[in-house]
Amino acid sequence: MKDTADPDLDTLIACPKCDALYRVGVVNKGDRARCERCHTRLYTRRRDAGLVIITTAFASAVLVIAALFLPFIEIRRLGFSNAATIVDAALAFYGGPLFGLSLAVIALIIALPLTRLVLTIYTLTPLVLDRKPWPGAKRAFRFSEAMRPWSMAEIFVVGCAVSLIKLTDLARVEIGPAFWMFVAVVVLMAVQNMVMCRWSVWKALDR
Amino acid sequence: MTVTARDKGLVACRECARVWPADHTHCEVCGNALQSRDTQSLQKVWAWWIAGIIAYIPANLYPMLTTRTLFHTSEDTIIAGALDLAAHGAFGIAAIILIASVVIPLGKFFAIAYLALAVRRGARWPPGRQYILYEVVEYIGRWSMIDVFVVAILCSLVQLNVAASITPGIAALTFALSVIFTMLSAQSLDPRLIWDRIETQDTKDPA
């Protein structure tokens, strides 16, 4: 390799996890590249990725909002019954010394996943339509990426499953519609995550 | 031998993987702050690590849940709750709870400490394996939150008047804090520091 103070810096890509330097298109040839030593995904160029991401994000957002007000578990014991919605679960610690925990749970299972979905749609829609990015798109995408580890919808779903098992000997338990909606959201988000290529998005945002 | 961005006098953006001459402080594409290596990484790691441990102690000493059934009230810490389940023959769930809220958190504390020490002093494991450990910690960290969600679900759901009710204990809060602090600790570790060892390893490291 030559000295690299030259203008073709944008043909280079550095692994964000280990700093290894590659020339775009040279690694692994073709449309997918992983870092050779730490196997971090560098890019996966797919022409239809944007559309897939937008549709799944839109579907997820609708499902999350609809699921908010429907019960996800219902229990019965000794003639008493109770159904909890996701909002109820998030507010379980409301009023009392654990109030802060309620806010955190709302953020982790509702607010952040929804925000990320909306920001993703906002960032990618103009790119898919081949228009100029909407104002603030870069900041929106950066925030959405930073929030990725804190968006815990899928963990909540598994938490539901665990509570279900825990409750079976205390009461009769039934799964409500919101539970299945959240399961669908988790699958959609996983697809979205698999198809999303940060490098391509940034490249497109930079035009 | 892998060439890194730093070897070439460049600084890489951890957000969008673009490279810039070393004197750049902000990425021109995504606006992220640039640093070839996060020099304060270890300080932040240890600060969050200590906070995480401090929060983890009361999480185990105080009750997570208070369960009231018709004739019986019990306050359960994490471990007591799991042992109780095992005593009732629910070994599977008891194992899940013990793994999710005892084995994984403790394992994370050890793993992060090992990685931070390895970055500073070198270690017997090669960087490749250390990096896998880092990835595992990053991936699994969020899943410890499952316990907090289970408590939230149980508390919102099991409100059956006199038949049964469950209320959260203070340990739910400190446990959540501990998970959050540990996640921040793992995120503060700059993984590029792990790989830097390879470049200096041609002559064996004095351990």
Side-chain angles (χ1 to χ4, degrees), chain A residues 1 4-5 9-10 12-21 36-38 42-43 73 75 77-84 88-93 97-98 100-101 104-105 108-109 138-139 141-142 145 149-150 152 155-156 158-160 162-163 165-167 169-171 198-199 202 205-206, chain B residues 2-10 12-21 29-32 36 69-70 85 88 90 92-93 96-97 128 131 138 141-143 145-146 148-161 163-164 168 170 172-173 176 180 183 187 191-192 194-195 198:
Chain A
M1 279 193 209
T4 24
L9 279 185
D10 56 346
L12 294 176
I13 182 167
C15 172
K17 298 291 184 186
C18 76
D19 213 29
L21 194 62
E36 278 165 14
R37 61 175 181 181
C38 73
L42 296 177
Y43 56 78
I73 301 185
I75 60 166
R77 178 184 160 96
L78 304 180
F80 295 99
S81 79
N82 189 24
D88 292 333
L91 292 176
F93 309 111
L98 300 177
L101 197 50
V105 172
L108 296 175
I109 63 179
K138 285 183 172 184
R139 198 178 304 159
F141 189 62
R142 202 149 55 106
E145 283 300 312
W150 302 101
M152 300 190 177
I155 300 174
F156 180 75
V158 179
C160 278
V162 172
S163 339
I165 306 170
K166 275 187 95 164
L167 283 171
D169 61 325
L170 186 73
R198 291 206 263 177
W199 184 82
W202 280 119
L205 283 177
D206 194 41
Chain B
T2 319
V3 177
T4 65
R6 187 170 66 172
D7 296 340
K8 288 284 167 190
L10 299 169
C13 176
R14 283 180 74 184
E15 175 62 38
C16 64
R18 294 279 293 255
V19 290
W20 306 100
V29 170
C30 67
N32 202 23
S36 183
T69 49
L70 213 39
L85 278 170
H88 280 86
I93 313 167
I96 290 179
I97 293 170
Y131 180 74
E138 276 251 278
R142 318 159 59 230
W143 285 91
M145 217 55 182
I146 201 170
V148 178
F149 293 153
V150 169
V151 171
I153 293 166
L154 293 181
C155 295
S156 61
L157 199 57
V158 186
Q159 296 300 339
L160 301 176
N161 209 335
I170 194 78
L173 177 68
I180 290 170
M183 278 175 73
Q187 281 177 15
R192 296 173 297 191
I194 296 174
W195 291 98
I198 279 192

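The sequence lines fix the lettering, A, B, ..., with proteins before strands; numbering per chain opens at 1. What you see is a predicted model; the values in this text were computed from it and never measured.
- Of the atoms belonging to Leu91(A), not a single heavy atom falls under 4.5 Å from chain B.
- Distance CD1/Ile146(B) to CE/Met152(A): 11.0 Å, rounded to 0.5 Å.
- Looking only at distances, a side-chain donor or acceptor of Asn82(A) sits under 3.5 Å from a matching main-chain atom of Ser156(B).
- Between chain B and the options Cys160(A), Cys15(A), Pro149(A), Gly100(A), the largest number of non-hydrogen pairs under 4.5 Å is found for Pro149(A).
- The side-chain contact (heavy atoms from CB on, under 4.5 Å) test with Arg18(B) is passed by exactly one of Leu12(A), Ile13(A), Asp206(A): Asp206(A).
- At a 4.5 Å heavy-atom cutoff, the contact between Ala83(A) and chain B is made by backbone atoms alone.
- Heavy atoms of Ala20(A) lying under 4.5 Å from chain B belong to its backbone as well as its side chain.
- Contact count against chain A (heavy-atom pairs under 4.5 Å) is highest for Ala5(B) among Ala5(B), Pro168(B), Pro191(B).
- Heavy-atom distances place both the backbone and the side chain of Arg77(A) under 4.5 Å from chain B.
- Taking CZ of Phe156(A) as the start and CD1 of Ile153(B) as the end, the distance is 4.0 Å to the nearest 0.5 Å.
- Annotation: maximal heavy-atom pairing with chain A below 4.5 Å, among Val29(B), Val150(B), Leu173(B), Val148(B), occurs at Val29(B).
- A distance-only check finds a donor-acceptor pair linking the side chain of Arg142(A) to the backbone of Cys30(B) [under 3.5 Å].
- In terms of heavy-atom proximity, Trp199(A) sits nearest to Cys16(B) at CD1-O, 3.5 Å.
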Cys18(A) vs Tyr131(B), side-chain contact (heavy atoms from CB on, under 4.5 Å): CA-CA, chis, key distance, verdict: CA-CA 9 Å; Cys18(A) 76; Tyr131(B) 180 74; 5.9 Å; no
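- Legend: residues meeting side chain to side chain donor-acceptor pair (under 3.5 Å) with Asp88(A), ordered by chain and number and at least two apart, are Thr85(A).
- When heavy atoms are compared at a cutoff of 4.5 Å, Ile155(A) approaches chain B by way of both its backbone and its side chain.
- Of the two parts of Ile73(A), the backbone and the side chain both hold a non-hydrogen atom closer than 4.5 Å to a non-hydrogen atom of chain B.
- The choice from Glu138(B), Arg192(B), Gln187(B) that makes the most heavy-atom pairs within less than 4.5 Å of chain A is Arg192(B).
- Chosen from Gln159(B), Met145(B), Arg14(B), Met183(B), the residue pairing most often with chain A at heavy-atom distances under 4.5 Å is Met183(B).
- Taking chain A as the reference chain and counting heavy-atom pairs below 4.5 Å, the highest number among Ala152(B), Gly31(B), Gly141(B), Cys13(B) is found for Ala152(B).
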